[in-house]
Novice: 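Before anything else, here's the structure in question.
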Protein chains: 2
Amino acid sequence: MAPDPTPPAARRSTRQRAAVLTVLDSEEAFRSAQEIHLELVRRGDAVGLSTVYRSLASMSASAEVDTLLRDDGETLYRRCRGVTHHHHLVCRGCGATVEVDGPTVERWAERVAADHGYDEVTHTLEVFGRCSACRG
Amino acid sequence: MAPDPTPPAARRSTRQRAAVLTVLDSEEAFRSAQEIHLELVRRGDAVGLSTVYRSLASMSASAEVDTLLRDDGETLYRRCRGVTHHHHLVCRGCGATVEVDGPTVERWAERVAADHGYDEVTHTLEVFGRCSACRG
DNA sequence: TTCTTATCGGGAATGGTTGTCAATCCCGAT
DNA sequence: ATCGGGATTGACAACCATTCCCGATAAGAA
């Protein structure tokens with residue numbers, strides 16, 4: 001096999017990408033691209049909105065950030081601590097998020113799909129509630 | 001207590017709402033509002049797009065139809081057979097949908113939320129795969 | 001039939017997200 | 001150091017599902 005003529009698209013490190021990561025790291029809750037962009041501007045470390053979207057998309061593709069679709073269809077992003085597959089318990093009030101594991105659910109999904117002749121199974125599972133802080 | 005001065009907003013039965021329901025009843029898979037509107041036009045039983053959205057929204061509110069958010073944020077609708085709470089096993093290829101029950105998952109979600117001090121718990125759970133027909 | 005008002009329709013407005021493309025910047029090669 | 005070219009950026013326009021607006025229409029009660 002001949003050597004690949006196009007070297008593996010080097011991922012350049014830029015101020016913009018770093019800035020987006022910094023905001024994500026300082027944020028506990030899921031945030032929208034628009035919110036992240038606004039925060040960047042507020043910090044005086046502005047990044048173009050297009051670039052924010054592009055950065056988040058590529059980070060999501062490489063599993064560096066998790067995404068979540070809100071009821072109204074807006075996409076939310078969050079830098080997750082755990083590296084393995086997990087789900088989220090999200091507070092409707094403040095967005096505080098807990099990463100939770102659900103091995104039982106994974107197996108359940110697999111079995112249900114197999115029982116009906118489906119393969120290439122994936123699933124989405126998110127739990128929403130109100131945290132103790134927001135209850136006061 | 002005085003009698004309610006405003007009688008309970010009678011739900012009128014219109015051609016448009018019936019037309020939307022007819023399309024939903026003839027459809028096995030989840031469909032978008034735009035697709036339903038297009039189908040209505042194709043059948044020569046046109047209904048305004050606004051009205052399609054309004055109908056679907058009210059039917060969704062009264063639990064007559066189930067909704068599902070696609071990855072790109074578009075909302076899909078489907079008239080479900082089961083009346084009780086259930087989840088969906090959806091084929092990525094053709095949209096064929098199976099209603100599945102997950103009592104274990106319900107309890108798991110409740111317990112996880114309670115363990116972290118969350119209340120007013122809800123959850124979303126959808127399983128995606130490829131059905132046997134689409135595998136050929 | 002007449003009246004009240006829920007409902008309709010269609011075109012404009014909204015708002016998140018993606019596309020465009022010239023200017024700019026990273027980085028390995030010179 | 002600096003060169004060159006391809007990746008990356010950013011301002012703006014384009015996109016598109018969904019909602020808003022409001023005058024016209026029609027369902028249902030009297």
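Because the structure is predicted, anything quoted here is derived from the model rather than measured. Each chain gets a letter, A, B and so on, in the order the sequences are listed, and its residues count up from 1.
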Novice: Just to confirm, is there a sub-4.0 Å distance from OP1 or OP2 of C:dT7 to any side-chain nitrogen or oxygen of B:R17?
Specialist: yes
Novice: Please find out if less than 6.0 Å separates the ring center of B:F128 from that of B:H88.
Specialist: no
Novice: Counting just side-chain N and O atoms, does A:S13 come under 4.0 Å of either OP1 or OP2 of C:dC27?
Specialist: yes
Novice: When you get a sec, tell me which of C:dT17, D:dT18, D:dG10 is the closest nucleotide to the side chain of A:T75?
Specialist: C:dT17
Novice: Have a look at the helix from C:dT1-D:dA30 to C:dT30-D:dA1 and give the angle its two end axes make, five pairs each, rounded to 10 degrees.
Specialist: 30°
Novice: Tell me whether the OP1 or OP2 atom of D:dG28 has a side-chain N or O from B:T14 closer than 4.0 Å.
Specialist: no
Novice: Calculate the interatomic distance between B:L69 atom CG and C:dG16 atom C1'; express it in whole Å.
Specialist: 14 Å
Novice: For A:E64, is there an ion pair with A:R11 - N to carboxylate O distance below 4.0 angstrom?
Specialist: yes
Novice: Whole angstrom is fine here: how far is it from CG in B:L38 over to P in D:dC16?
Specialist: 14 Å
Novice: Please report, rounded to the nearest Å, how far the P atom of C:dG16 is from the CD atom of B:E74.
Specialist: 17 Å
Novice: State whether B:S32 places a side-chain N or O below 4.0 Å from either non-bridging phosphate oxygen (OP1 or OP2) of D:dA17.
Specialist: no
Novice: Please compare A:G48 and B:L49 by the position of their nearest nucleotide in DNA chain D and report the one closer to 5'.
Specialist: A:G48
Novice: Quickly work out the A:M59 CE to D:dT8 C1' distance and round it to whole Å.
Specialist: 13 Å
Novice: Does B:E39 pair with B:R42 as a salt bridge, N-O distance under 4.0 Å?
Specialist: yes
Novice: Grab the CD-P distance between B:Q34 and D:dC15 for me, whole Å please.
Specialist: 15 Å
Novice: Would you say A:Y53 places a side-chain N or O within less than 4.0 Å of OP1 or OP2 belonging to C:dT17?
Specialist: yes
Novice: Send over the distance from B:D71 CG to D:dC16 P, rounded to a whole Å.
Specialist: 18 Å
Novice: Looking at the side chain of A:T51, which of D:dG28, D:dG10, C:dG9 is the nearest nucleotide?
Specialist: D:dG10
Novice: If the threshold is 4.0 Å, N to carboxylate O, is there a salt bridge linking A:R70 and A:E126?
Specialist: no
Novice: A:L76 or B:A46: which one's nearest nucleotide on DNA chain C is closer to the 5' end?
Specialist: B:A46
Novice: Of the candidate nucleotides C:dT17, D:dT9, D:dT18, which contains the atom at the shortest distance from the side chain of A:Q16?
Specialist: D:dT9
Novice: Measuring from the side chain of B:R12 (C-beta onward, heavy atoms only), which nucleotide among D:dT18, C:dG19, C:dA6 has the closest atom?
Specialist: C:dA6
Novice: Rounded to the nearest Å, what distance is computed from the CZ atom of residue A:R70 to the C1' atom of nucleotide D:dT18?
Specialist: 15 Å
Novice: Between B:Y77 and B:E35, do the side chains contain an N or O donor and an N or O acceptor separated by less than 3.5 Å?
Specialist: no
Novice: Is A:R15 touching bases, backbone alone, or none of the nucleic acid, heavy atoms closer than 4.0 Å?
Specialist: sugar-phosphate
Novice: Is any side-chain N of the basic residue among B:R78 and B:D66 closer than 4.0 Å to the acidic one's carboxylate O?
Specialist: no
Novice: Before accepting this row, confirm whether a basic side-chain N of the pair B:R79/B:D25 lies closer than 4.0 Å to the acidic partner's carboxylate O.
Specialist: yes
Novice: For B:S50 and C:dG10, is the shortest distance between a side-chain N/O and OP1 or OP2 below 4.0 Å?
Specialist: no
Novice: From the options D:dT8, C:dT7, D:dG10, select the nucleotide whose nearest atom is closest to the side chain of A:R11.
Specialist: D:dT8
Novice: Heavy atoms only: give me the nearest A:T97-B:Y118 pair and the separation to one decimal.
Specialist: N-OH, 4.4 Å
Novice: Rounding to a whole Å, what distance do you find between A:H37:NE2 and C:dT17:P?
Specialist: 13 Å
